[in-house]
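Throughout, a chain's letter reflects where its sequence line sits, starting with A, and its residues are numbered from 1.
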Amino acid sequence: MSVRVRFAPSPTGHLHIGGARTALFNWLYARHTGGQFVLRIEDTDEERNTPEAINVILEGLRWLGLDWDEGPANNDPADGSKGDHGPYFQSQRGEIYARHVEVLKEKGLAYEHEGAVRFRMQREATTIPDLVCGDVVRELTDREQEQPDFVIVRSDGKPVFHLVNVIDDLEMGITHVIRGEDHLSNTSKHIALFRALGAEPPAFAHIPLILNSDGSKMSKRDDGASLDGWQQTHCVPEAVVNYLSLLGWSPKDDSQVMPVAELIERFDLPQINRANARFDVEKMQWMNYEHLRNLPMPRYRQLALKAGVEFGDAAEDYIEAALATCQNKVKQISDLPDYCRFYFTDIFEYDEAMAAKAFAPENKDGFAKLREIFANLESFGPEPMETALKALAEQLDVKIRALVMPARCACTGVKIGPSLYDLMAVLGRDRVLARLDRALARMDESNETGEA
RNA sequence: GACCCCUUCGUCUAGUGGUUAGGACACCGGCCUUUCACGCCGGCGACACGGGUUCGAGUCCCGUAGGGGUCGCCA
């Protein structure tokens, strides 16, 4: 029997990082086993249920690369879907629920009470076979001792979560329910419902929760808790997937940075942990950097654009060469615009603290000589420049810094940046010489006004 | 109040009776180096506590404490 799993979010207006991880585990399991990943929208709460809220979920999953085999085509419940187990919006499934409730009533397994319909729940403990937690014997709580039966249809006619969840899983042929551990206790209800409906329950796998760094429950306002925060900062989605996969699951060796294909290959239920995990923003950012620096240039360029880098009228080759010198240096894409600005404009101020030192009078003669050497260099590549600069430093008996810092300041205006030789090679001889001359002029000025 | 799950460095984790308790993030040194970063080397740092079982326990059992979850005409 082929594996069928599902992710069944309710449109609340944001996709929680815990929900994203649940979706991911389901998706990974489907892809690993060659099964089907079903997306079902639990939009029974009409209040906060909007096309926008549904879109947040769809866009979040698409961004992560979690494609669904069956589910909504888009955020409009009336607009079709893919798969033949639909509709995939609970708001469209009222008749299905009503039909099953009738059957339960006919069988005497449900009954009316004060306008609502109650399910006749068993009075004994339930053994929940769980792929992560093992067999869990769930005793009745004190309240359940008093009243084990629970409402499945409210007096206003709306079916409740437990009922619709079970009916949908049954109707959609779900074989494995992989969900947060917060549902473990409820599973006794679900098992009873499956049996009452004449079906054997699917396999359950309750995965640990994701908590804040202080161990408290993660809510949407907490740092990193909402997926769109990571989307908005132009994180690499594969990095989020990779980081999330390591929260509550382990490949059991020292692997950390893995492409999605490897995750699919290695993911399985037995390696899922039982203990809750805390979300660590710093490790997430590290993971993002690891993926960022390995991105193919076209995607890196795309991300740069989204992050607000202004390329001006620069040529394609120039843009890519420039970005290539930044890619393994910049940890967050949001830092890139400032980092690479000097490549795309000639108009920039010098960092005065740096300029004061770099353009000091004692550096002037050497710097002027460097300019002449660069002007006459046969090839304007990184290696020839490095060789020439170092030779000059030796000849003048000055530290390499004494030449490098003025050159860096002249070319970029700032202390931090790509490798100097690489950056000059990308800039090209004309631009470099112009910038060197601008710096030289400034050194003249300060000599006249300064120590005179 | 009842019920359920969990407990190894600050964090994520490896570890299924015998290990100098391993790795990763973070942090601190050093090397490399034109800056920053990468990389490499090194350091700091953990089996919640108490009882058992056993020749031997992070690993098995019981208890305690702590954390999380659930008990709704919310999902």
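If you take atom P in B/rU53 and the same atom in B/rC61, they sit 15 Å apart, rounded to whole Å. Between the C1' atoms of B/rC36 and B/rU59, the separation comes to 45 Å (whole Å). Separating the P atom of B/rC28 from that of B/rA21 is a span of 27 Å, rounded to the nearest Å. Between B/rA48 and B/rA14, the distance separating the two P atoms is 15 Å to the nearest Å. The same atom, C1', is picked in B/rA46 and in B/rU19; the two are 15 Å apart, to the nearest Å. Spacing between B/rU64 and B/rA75 at atom P, rounded to whole Å, works out to 37 Å. When the P atom is compared between B/rA37 and B/rC49, the two are found 38 Å apart, to the nearest whole Å. When the P atom is used for both B/rU7 and B/rC12, the distance is 12 Å, rounded to whole Å.
Side-chain proximity of A/Arg401 to the nucleotides B/rC12, B/rG68, B/rU35 is greatest for B/rU35. Considering only the side chain of A/Arg278, B/rC12 comes nearest among B/rC12, B/rA24, B/rC71. The nucleotide whose nearest atom lies closest to any side-chain atom of A/Lys329 is, among B/rC71, B/rG23, B/rA37, B/rA37. Of the candidates B/rA24, B/rC73, B/rC12, B/rC12 carries the atom nearest the A/Ala277 side chain, counting heavy atoms from C-beta on. For A/Arg143, counting side-chain heavy atoms from C-beta on, the closest listed nucleotide (B/rA37, B/rC71, B/rU35) is B/rC71. Taking the side chain of A/Glu181 as heavy atoms from C-beta on, and the options B/rU7, B/rC38, B/rC5, the nearest nucleotide is B/rC5. Among the nucleotides B/rG68, B/rA2, B/rC5, the one closest to the side chain of A/Thr141 is B/rA2. In this structure, of B/rU34, B/rA75, B/rG68, it is B/rU34 that holds the atom nearest to the side chain of A/Val404. Residue A/Asp142 places its side chain closer to B/rG1 than to any other of B/rA75, B/rC4, B/rG1. Comparing B/rG1, B/rC38, B/rC73 by their nearest atom to the side chain of A/Arg293 picks out B/rC38.
Atoms CZ and SG, from A/Phe342 and A/Cys411 in turn, are 8.0 Å apart once rounded to the nearest 0.5 Å. Atoms CD and CZ, on A/Gln90 and A/Phe161 in that order, are 8.5 Å from each other to the nearest 0.5 Å. Rounding to the nearest 0.5 Å places CG of A/Leu15 at 6.0 Å from CG of A/Leu61.
Here B/rC27 sits opposite B/rG43 as a Watson-Crick or G-U wobble pair (both hydrogen-bonding atom distances under 3.5 Å). Base pairing of B/rG58: no nucleotide in any strand meets the Watson-Crick or G-U wobble criterion (both distances under 3.5 Å). Base-pair partner of B/rC32: not found among the strands shown (Watson-Crick or G-U wobble, both distances under 3.5 Å). Under the Watson-Crick and G-U wobble criteria, each requiring two contacts below 3.5 Å, nucleotide B/rA37 is left unpaired. In this structure B/rG63 sits in a base pair with B/rC49, meeting the Watson-Crick or G-U test at under 3.5 Å.
Note on A/Asp182: only backbone sugar-phosphate atoms sit closer than 4.0 angstrom, heavy atoms only; bases stay farther off. Within the 4.0 angstrom heavy-atom criterion, base atoms lie near A/Leu420. At a threshold of 4.0 angstrom between heavy atoms, the contacts of A/Val137 are confined to the sugar-phosphate backbone, with no base atom among them. Within the 4.0 angstrom heavy-atom criterion, no nucleotide atom of any strand lies near A/Ile152. Using a 4.0 Å heavy-atom distance criterion, A/Tyr243 is classed as making no nucleic acid contact. Residue A/Ser250 is classed as a sugar-phosphate contact, given heavy-atom separations below 4.0 Å to backbone atoms only. A/Asn273 comes within 4.0 angstrom of sugar-phosphate atoms only, judged by non-hydrogen atoms across all strands, and of no base. Within 4.0 Å of A/Glu114, counting heavy atoms only, lies at least one base atom of the nucleic acid. Among the heavy atoms of the strands lying under 4.0 Å from A/Arg408 is at least one base atom, whether or not backbone atoms are also near. Nucleic acid contact for A/His206: none, since no nucleic acid atom lies under 4.0 Å from a heavy atom of the residue. Residue A/Pro418 is classed as a base contact, given a heavy-atom separation below 4.0 Å to a base. Residue A/Ala116 is classed as a base contact, given a heavy-atom separation below 4.0 Å to a base. Backbone-only contact: A/Lys331 has heavy atoms under 4.0 Å from sugar-phosphate atoms and none from a base. At the heavy-atom level, A/Lys415 lies under 4.0 Å from base atoms of the strands shown.
Positionally, the nearest nucleotide of RNA chain B for A/Gly248 lies more toward the 5' end than for the other of A/Ile416 and A/Gly248. Comparing A/Met284 and A/Val132, the nucleotide of RNA chain B nearest to each residue sits closer to the 5' end for A/Val132.
Following rounding to the nearest Å, A/Met258 (CE) and B/rG23 (C1') show an atom-to-atom distance of 12 Å. The nearest whole Å value for the distance from the CG atom in A/Asp280 to the C1' atom in B/rC9 is 14 Å. In this structure, OH of A/Tyr289 is placed 11 Å from P of B/rA26, rounded to the nearest angstrom. Per the geometry, CG belonging to A/Asn186 stands 13 Å off C1' belonging to B/rC5, to the nearest Å.
In this structure, A/Tyr421 has its ring center at least 6.0 angstrom away from the ring center of A/Phe380. Annotation: A/Tyr111 is not in aromatic contact with A/Phe119 [ring centroid separation under 6.0 Å not met]. Between A/Tyr29 and A/Phe37, the ring centre distance reaches or exceeds 6.0 Å. Annotation: A/Phe267 is in aromatic contact with A/Trp249 [ring centroid separation under 6.0 Å].
Between B/rA75 and A/Thr44, a contact under 4.0 Å exists linking OP1 or OP2 to a side-chain N or O. Contact annotation: A/Arg154 side-chain N/O to B/rA75 OP1/OP2 distance is under 4.0 Å.
In this structure, A/Glu352 places its CD atom where more than 12 heavy-atom neighbours from other residues, nucleotides or ligands lie under 6.0 Å away.
Below the 3.5 angstrom threshold, one finds a donor paired with an acceptor across the side chain of A/Ser419 and the base of B/rU34. Under 3.5 Å, the side chain of A/Lys283 and the base of B/rA24 form at least one donor-acceptor pair of N or O atoms. Evaluation of atom-type donor-acceptor distances gives a pair under 3.5 Å for the side chain of A/Ser155 against the base of B/rC73.
Ring orientation note: the planes of A/Phe204 and A/Phe194 are nearly perpendicular, at an angle over 60° on the 30°/60° scale.
The pair A/Arg266-A/Glu262 meets the salt-bridge criterion, since a charged nitrogen lies less than 4.0 angstrom from a carboxylate oxygen.
Its glycosidic angle being more than 90° from 0, B/rC41 falls on the anti side.
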